[in-house]
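Values reported hereafter were calculated over all heavy atoms of this structure, with side chains retained and with hydrogens, waters and symmetry mates removed. Below, chains carry the letters A, B, ... as their sequence lines are ordered, and counting in each starts from 1.
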Protein chains: 2
Amino acid sequence: MRYDALPDEAVELYGSYFSQIAIRESSVVMRQVRKELVSAVESMFGRKPRVVTAKPKKGPLVLLATADDPELAGLAEIGRLKDLPRDGYIICRTEQESGGCIVAAGNSDAGVLYAAFHLLRLLQTEQGLDGLPVAEGSPNKLRMINQWDNMDGSIERGYAGQSIFYRHDKIVRDMTRIRDYARLLASVGINAISINNVNVHRTETKLIAAEWLPSVAKIADVFRGYGVKLFLSVNFASPIEIGGLQTADPLDKQVQRWWKERAEDIYRYIPDFGGFLVKADSEFRPGPFTYGRDHADGANMLADALEPFGGIVIWRCFVYNCQQDWRDRKTDRARAAYDHFLPLDGKFRDNVILQIKNGPMDFQVREPVSPLFGGLKQTNQMLELQITQEYTGQQKHVCYLVPQWKEIVGFDTYAAGEGSTVAKAVSGELNRLPLGGMAAVSNIGDDANWTGHPLAQANLYGYGRLSWNPQLTAEQITDEWVKLTFGDDPDVTETVSGMLLRSWSIYESYTAPLGVGWMVNPGHHYGPNVDGYEYSKWGTYHFADSRGIGVDRTTKTGTGYAGQYNEPVASLYGSPGTCPDELLLFFHHVPYTHRLKSGSTVIQHIYDTHFEGVVQAEQLKREWLTLEGKIDPSVFRETAERLDMQIESAVEWRDRINTYFYRMSGIPDERGRTIF
Amino acid sequence: MRYDALPDEAVELYGSYFSQIAIRESSVVMRQVRKELVSAVESMFGRKPRVVTAKPKKGPLVLLATADDPELAGLAEIGRLKDLPRDGYIICRTEQESGGCIVAAGNSDAGVLYAAFHLLRLLQTEQGLDGLPVAEGSPNKLRMINQWDNMDGSIERGYAGQSIFYRHDKIVRDMTRIRDYARLLASVGINAISINNVNVHRTETKLIAAEWLPSVAKIADVFRGYGVKLFLSVNFASPIEIGGLQTADPLDKQVQRWWKERAEDIYRYIPDFGGFLVKADSEFRPGPFTYGRDHADGANMLADALEPFGGIVIWRCFVYNCQQDWRDRKTDRARAAYDHFLPLDGKFRDNVILQIKNGPMDFQVREPVSPLFGGLKQTNQMLELQITQEYTGQQKHVCYLVPQWKEIVGFDTYAAGEGSTVAKAVSGELNRLPLGGMAAVSNIGDDANWTGHPLAQANLYGYGRLSWNPQLTAEQITDEWVKLTFGDDPDVTETVSGMLLRSWSIYESYTAPLGVGWMVNPGHHYGPNVDGYEYSKWGTYHFADSRGIGVDRTTKTGTGYAGQYNEPVASLYGSPGTCPDELLLFFHHVPYTHRLKSGSTVIQHIYDTHFEGVVQAEQLKREWLTLEGKIDPSVFRETAERLDMQIESAVEWRDRINTYFYRMSGIPDERGRTIF
C-alpha cells in the first residue's frame with residue numbers, strides 16, 4: 001500500500017487537480033481521508049497539495065465531501081448518491097467552466113474514504129480518470145474480518161507469524177501495525193472486525209471487563225478512523241467465569257442483567273462498538289444447551305443487552321457433534337448446521353445475524369455450499385469464508401481462493417426460484433432482511449509481508465473487494481491486485497494472474513479427490529494423511545474400502561443431507577448420475593470403477609489428477625522463475641522458496657494418495673506410472 | 001515397602017533372634033542396613049532391638065557383616081561367599097550351642113544390604129527361615145535404572161506424574177521421595193541409576209558443570225547409602241554447548257582435554273560416580289558422525305576421560321535413520337543397530353558398555369530379540385528394557401512385562417552353540433567380558449502410588465528381581481510381588497497373579513497383530529492408528545494392501561534382516577513356514593489367506609484375537625471385582641477405574657483394527673461378528 005510516483009504523462013494530465021484539496025474534517029474518518037490523500041499526492045505527484053476546508057471559487061481542485069455537504073448542492077451527478085447504500089460513493093468531474101473539479105462524494109464518511117481509495121487506485125493502476133464518473137455501493141452492510149488471535153500472541157490457524165494485537169497476554173502498546181492494518185482493510189472496503197479468536201479462552205474472556213476495556217478502546221479508536229467497527233468474540237460462560245454467577249442460563253434474570261451491565265460498560269468506552277461474535281455449543285465451547293435452551297434463547301439474550309446501544313450479535317452456525325463415534329454411520333456432521341438452525345428460523349431478534357460457513361463441513365478445498373443459505377427465510381445471515389489457508393496449503397502453497405469464493409457467492413439456492421444466489425441471501429436482498437454481509441477469517445500476522453507467502457496477500461485483497469462487490473469477476477480482482485502489487489509490466493501481470501487463477505484447481509488436484517475432503521494430518525491440518533480423520537470423533541470420514549469410497553448422503557440410502565437443498569439442487573446432488581464430478585464423493589459412495597462425467601473412472605481420475613497436480617505445481621515454479629529481475633528481489637526469492645515447499649509437499653500428497661488407493665483397490669494405473 | 005506386624009507364631013519363633021542385632025557401621029551402606037533392620041524389627045515384632053557393634057559372647061541374635069569381618073571367622077557356611085560375585089550374600093543359622101545366631105553376610109556392603117532385605121522378605125511373606133541357608137549372587141554386574149526425567153519436571157514417556165528429581169528447571173531440595181526410591185530400588189538389588197533423560201536438552205547438559213554438581217552430589221549421597229551408583233546422561237555436543245569450543249570432535253585434543261577436566265570436576269564431588277550414559281547420533285541427538293568419526297571414537301574418548309577414576313561409558317545402540325523415505329523399501333530400520341555396531345566389535349575400551357534395546361525396533365509389544373546380542377563377541381553389552389509402558393498401554397492397561405522379559409533373557413542366540421542365551425551374553429559369561437548387565441527405563445513418577453496403575457508396580461519389582469537373577473521364573477517373581485503387596489490371602493494371590501501373567505498376551509491380542517507393531521497414534525503412542533506410522537519418516541511400516549501385509553525381511557527377497565541372526569535362528573525366521581506365528585508379519589509379507597501354524601488364516605486370526613482380546617480385558621475386570629473388600633479400598637478403586645479405561649481402549653483397538661483389515665481385504669469374519 002505504497003504509492004509510486006506517476007509517469008510524467010499522468011502528472012501532466014492530473015497534476016493541477018491534485019494541487020489543491022478541499023475537505024471539511026468533520027470527523028476522524030474525514031481527517032484520515034485528508035491524510036491519505038495528502039500523503040498519496042505527495043508520493044505520486046512529487047509535491048504537497050494545498051488543503052482547504054471550503055471549496056474555493058475556482059479550480060482546479062479535488063473536492064471530498066459527504067452527500068449532505070452544501071458544497072455539493074446542484075451537482076447533477078451527486079443526485080445519484082441517494083440511490084446508493086450507506087457506504088456508497090460517486091467520483092465524477094465537473095465541467096471545466098465551474099473551475100475543473102474532481103469530486104469524490106460519499107453517503108457517509110466511510111463512503112468518502114472508499115471514494116478516495118478508489119480515486120487513488122485509478123491513478124496507481126494507470127487507468128486514469130477517463131472512466132469517470134463511477135458510482136459504487138456495496139450490497140453487504142457488513143464486510144467483516146474475524147481475527148482468530150489469542151492474547152498470548154498466537155493465532156489459531158495463523159501462518160504468518162504472531163498476532164499484531166497481542167503479546168504475552170497483553171494488548172500491544174505500539175499501535176503502528178494495527179493502524180497499517182486498519183488502513184489496508186479500509187482500502188478494500190472492510191467495515192467491521194472482531195479482534196479475538198472465536199475460541200475465547202480464559203484470558204480473552206476478560207476483554208469485556210473493566211480491566212481490558214480501556215486498551216480495547218484504544219484499538220477501537222484506531223479502527224474508527226478508517227470506518228471499521230470493532231467487535232469482540234465473547235465466551236458464553238462469561239457470567240460464571242468472570243461474573244461470579246452460578247449460571248450462564250440465558251433465561252436467568254441475573255445473567256441477563258449481567259450482560260446488560262457489560263454492554264453499558266463497553267459502550268461507555270466504545271460508543272460505536274459493533275457487538276459480539278459468538279461460538280457457542282461448538283467444539284467444547286459453552287453455550288445455551290447446558291441449560292436446556294436453544295441458540296435463539298442464547299443469541300436473543302445477548303441481542304437484548306446490546307440493542308439499546310445499536311449493537312448486534314453475530315452467532316456462528318458451526319455447531320455439530322464433535323464427539324461422534326466413527327462407527328455410527330447415521331449421524332452426519334454435514335447435516336448439523338441446518339438441523340440445528342432451520343427450526344429456529346424467525347425466532348431471532350432483528351439485531352442477530354447467523355454467521356454460516358460457506359460449506360457444511362469446515363473450509364475444505366471443495367465442499368458444496370451450505371444449504372442453510374437457501375433454507376433460512378426470516379433470519380439475518382452472513383457468509384463466513386476463511387482467508388487463512390488452514391486446509392488449503394497454509395500459505396506455503398499458492399492457493400488463490402477468489403475463484404472458490406466466486407462459485408460460492410454465485411451458487412443458486414433456488415430459495416425463491418432461479419437466481420436466488422448466496423450473494424443475495426447474505427446481503428438480505430433475497431428475503432428483505434435488515435442485516436447481512438460477509439465475514440472471513442484473516443490470514444495476516446506480524447510477518448514483515450503480512451501473509452507469509454507474498455502471493456497470499458491476494459486472498460486478503462480479493463476478499464475485501466468481493467465482499468464489497470460480489471459481482472466482480474475473479475479475473476477483475478486478480479488483475480487489480482497484480483497491478484497494484486507488481487506494477488504494469490504485461491509479462492508480470494499475465495504470468496502472476498495466470499498462476500493465481502489456476503492455483504486453487506492445482507491444489508485441489510493433488511489433495512483429497514472429488515470433494516471427499518479431510519485427508520490431512522489431524523490437528524495442524526497440513527500435508528496428506530488419508531486415514532488421519534477416518535476413525536476420529538470429528539465426523540469426517542471417507543469410508544474407503546477395497547471396493548469403493550465416498551459418503552452416501554442421499555435421501556434414499558444415505559444420511560439424507562442432499563435433501564436439505566431446494567430443488568432442483570437436491571435432485572442434482574442426489575444421484576451419482578447428475579452429481580457434478582467434483583462433489584461426487586461428498587454425496588455418494590461409489591466403486592473405484594465408477595465412470596465420471598469426464599469419462600475417466602474414479603480410480604484413474606485419482607491417479608491422473610495427482611500426477612498432473614505435481615506437474616502443474618512444477619509449472620508454477622517455472623513460470624515464476626521467468627519473472628526474475630521484474631519483481632522485487634526479496635519477494636521473488638521468498639515466493640520461489642515457497643514454490644519449492646509446495647512442490648515437495650505436492651509430491652508427498654501425490655505419492656501418499658496414489659499409494660493408499662493403489663494398495664486399497666489393487667487397481668494399477670492405466671499408464672503404468674510409479675506408485676509406491 | 002512397609003513392614004506389617006508378624007503373626008504371633010512367627011514372633012514366637014524368631015522374636016528372640018531379632019531382639020539383638022550385631023552390626024559394625026563401617027560405611028554409609030552398613031548404617032542403612034542397621035536403620036532398615038531396626039525399623040523393620042520394630043514394625044514386625046513390636047519392639048526395638050538392641051544394637052551392638054561387636055558380637056556378644058552368646059545369642060540369640062542377628063549378625064550382619066561383610067565377608068572380611070573377623071566375627072565370621074570359622075563359620076563354615078560363610079566360606080561359600082568366595083564363590084559368589086561381588087554383591088553376593090549368604091544367610092544362615094548357626095547351631096544353638098554357639099548361641100543361636102542368624103547370620104547375614106555379604107561380599108560387600110551392598111551384599112549385606114541385599115541379605116538384610118532378603119531376610120526381611122522371608123519374614124514378611126511368611127516363608128519363615130526354614131529354607132536357610134540361602135546363598136545368592138547376581139551374574140549381572142550392573143543392574144541399572146534409566147530415568148528419562150527432564151529438569152522442567154516432565155518425564156519423557158512418563159505415565160505416573162512428574163519427576164521426583166526435578167521441578168521448574170531445578171533439582172528438588174526435599175530428597176525424601178528420592179530416598180524412598182533409592183530404598184525401593186535397593187530392596188530388589190538395583191545398583192546403578194542414571195538420573196536424567198537420554199535426550200539431554202539444554203538445561204540438562206549443564207548437569208556436569210560446576211553450577212549443578214553440588215546438587216547432583218546430594219542425590220548421589222542419597223543413592224550411595226543404598227549401594228546405588230549414580231550416572232548422568234550426557235550431551236555429546238557439551239564441549240560446544242557449555243564448553244565454548246568450536247567442535248565436539250572426539251579426536252580433537254581440546255575436546256579430549258575438556259572431557260577429562262569435566263571428569264575431574266565430577267569425581268571431586270562424587271568420588272564413586274558411575275559414569276556417562278550416551279545417546280549419540282540417534283534421533284537428532286549430536287554424535288561423532290558430525291566429525292566423520294564412528295561410535296567407537298566417540299565412546300572411547302569419553303571412556304578415556306573416566307578411566308582414571310574407575311568410571312564407565314554406557315553407549316546406546318539405538319541408532320537408525322529417522323529421516324527415512326517411506327517410499328524406500330530397501331532401507332530397514334531393524335537392521336540399523338547391527339549394521340552400525342557389529343563392524344566396531346572389539347574396538348571399544350574395556351570400560352565401555354554398549355546398551356542394546358531388547359528388540360531391533362523400539363519396545364513394541366512383540367519384536368524379535370536384537371541380533372546384536374548374538375553378534376558382538378568382544379564388546380561389553382547391556383540389555384535395555386522399558387519398564388515404563390510406552391507402547392504397552394501407558395499404565396492405563398495392565399500389561400505385566402516380566403513374561404516378555406523372560407522370553408528375551410532366555411532367547412538362545414546360538415552365538416557359541418546351543419544355550420548361548422541373552423542372559424549369558426549380557427552378564428559377560430558368554431564371551432568372558434569384564435562388564436555387563438541390564439538397564440531399564442523407569443516407570444515411576446511423583447504419583448502417590450509411584451506408578452499410576454497400582455499393578456504397574458509389579459513391573460518395577462519384577463525388573464529388579466530379574467536383573468538380579470534372570471533364572472527366576474515369571475511365576476516366582478509374580479508370587480513374591482503379590483504377596484509382598486497384598487498379603488497372603490490365597491484368593492488374592494491367585495487372582496492377581498493370574499491377571500498379571502495373562503496381561504501381556506491379552507494386550508498383544510487386541511493391538512497390532514503377529515509382530516508387525518507400530519499401529520499406534522504418532523507422538524504419544526497411545527491407542528490404535530493402523531496407518532499412524534505407515535507413511536512417516538521413522539522406518540516403521542506394515543505395507544498392508546488389499547492382498548496382504550507384513551515386512552519382507554528375508555535374505556532372498558527382502559531386506560536381509562533375518563540374516564543377522566546365527567543359525568539355526570536365521571533359517572527359522574527366514575521362512576514363513578518355520579517363522580513363529582507371533583513374529584510372522586515382522587519377517588514376512590504374506591497374503592491375508594496365509595494359513596498360520598495355529599490353523600487359522602492371517603485375516604481370521606486378526607479378527608479372532610481382537611474379539612477375544614476385548615473379552616479377556618472384560619474378564620480381567622470381572623476377576624478384579626471379586627476382590628472387593630480384600631484389597632485396600634483406594635487401590636481397589638483405582639485399579640477398577642483403570643480396568644474400565646483398558647476395556648474402553650481395547651474396544652477401540654478391536655474395532656479399528658478389524659474395520660481397517662475388513663475394509664482393506666474385503667474378507668468377512670467367518671463368524672459374522674460386527675465389524676464396522
Side-chain angles (χ1 to χ4, degrees), chain A residues 323-331 518-524 526-537 541-551 589 591-593 603 610 614 648-649 651-668 673-676, chain B residues 323-331 518-524 526-537 541-551 589 591-593 603 610 614 648-649 651-668 673-676:
Chain A
Q323 291 283 289
Q324 188 174 336
D325 189 324
W326 60 268
R327 285 159 283 225
D328 162 19
R329 288 177 82 148
K330 295 245 167 61
T331 303
W518 292 109
M519 294 179 175
V520 293
N521 285 301
H524 61 71
Y526 187 77
N529 190 338
V530 180
D531 276 356
Y533 275 101
E534 189 57 15
Y535 299 88
S536 75
K537 302 194 164 189
Y541 314 116
H542 55 63
F543 302 125
D545 62 22
S546 61
R547 296 174 185 86
I549 180 175
V551 190
H589 187 91
Y592 294 117
T593 52
I603 189 74
H610 285 76
V614 171
E648 189 186 2
S649 175
V651 167
E652 187 69 17
W653 271 100
R654 175 194 68 194
D655 291 342
R656 284 185 63 169
I657 296 277
N658 283 346
T659 298
Y660 181 95
F661 285 104
Y662 174 57
R663 287 189 186 178
M664 190 61 104
S665 70
I667 301 172
R673 290 163 289 194
T674 304
I675 297 178
F676 296 89
Chain B
Q323 292 282 288
Q324 188 175 335
D325 190 324
W326 60 268
R327 284 160 283 227
D328 162 20
R329 289 177 82 147
K330 295 244 168 62
T331 303
W518 293 108
M519 294 180 175
V520 293
N521 285 301
H524 61 72
Y526 187 76
N529 190 340
V530 180
D531 276 357
Y533 276 101
E534 189 56 17
Y535 300 88
S536 75
K537 302 195 164 187
Y541 315 115
H542 55 64
F543 302 126
D545 62 22
S546 61
R547 297 174 185 85
I549 180 177
V551 189
H589 187 92
Y592 294 116
T593 51
I603 189 75
H610 285 76
V614 171
E648 189 186 1
S649 174
V651 167
E652 187 69 18
W653 270 100
R654 175 194 70 195
D655 290 342
R656 285 185 62 168
I657 297 276
N658 282 347
T659 297
Y660 180 95
F661 285 105
Y662 174 57
R663 288 190 186 177
M664 190 60 105
S665 69
I667 301 172
R673 289 161 291 194
T674 303
I675 297 177
F676 296 89

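In terms of non-hydrogen atom pairs under 4.5 Å with chain B, the most contact-rich of A:T674, A:T659, A:N529 is A:T659.
Proximity to chain B involves both the backbone and the side chain of A:E652, based on heavy atoms less than 4.5 angstrom apart.
A:Y660 pairs by the side-chain contact (heavy atoms from CB on, under 4.5 Å) definition with A:V530, A:D531, A:H542, A:A544, A:M664, B:D531, B:Y535, not counting sequence neighbours. Listed by chain and residue number, B:Y391, B:H525, B:Y533, B:W653 satisfy the side-chain contact (heavy atoms from CB on, under 4.5 Å) test with B:V520 (two or more places apart in sequence, or in another chain). Scored by the side-chain contact (heavy atoms from CB on, under 4.5 Å) test, A:S665 finds A:Y592, A:I603, A:Y607, A:I667 as partners (sequence neighbours excluded).
Residues from residues 323-331 of chain B that place a non-hydrogen atom less than 4.5 Å from a non-hydrogen atom of chain A comprise B:W326, B:R327, B:R329, given in numerical order.
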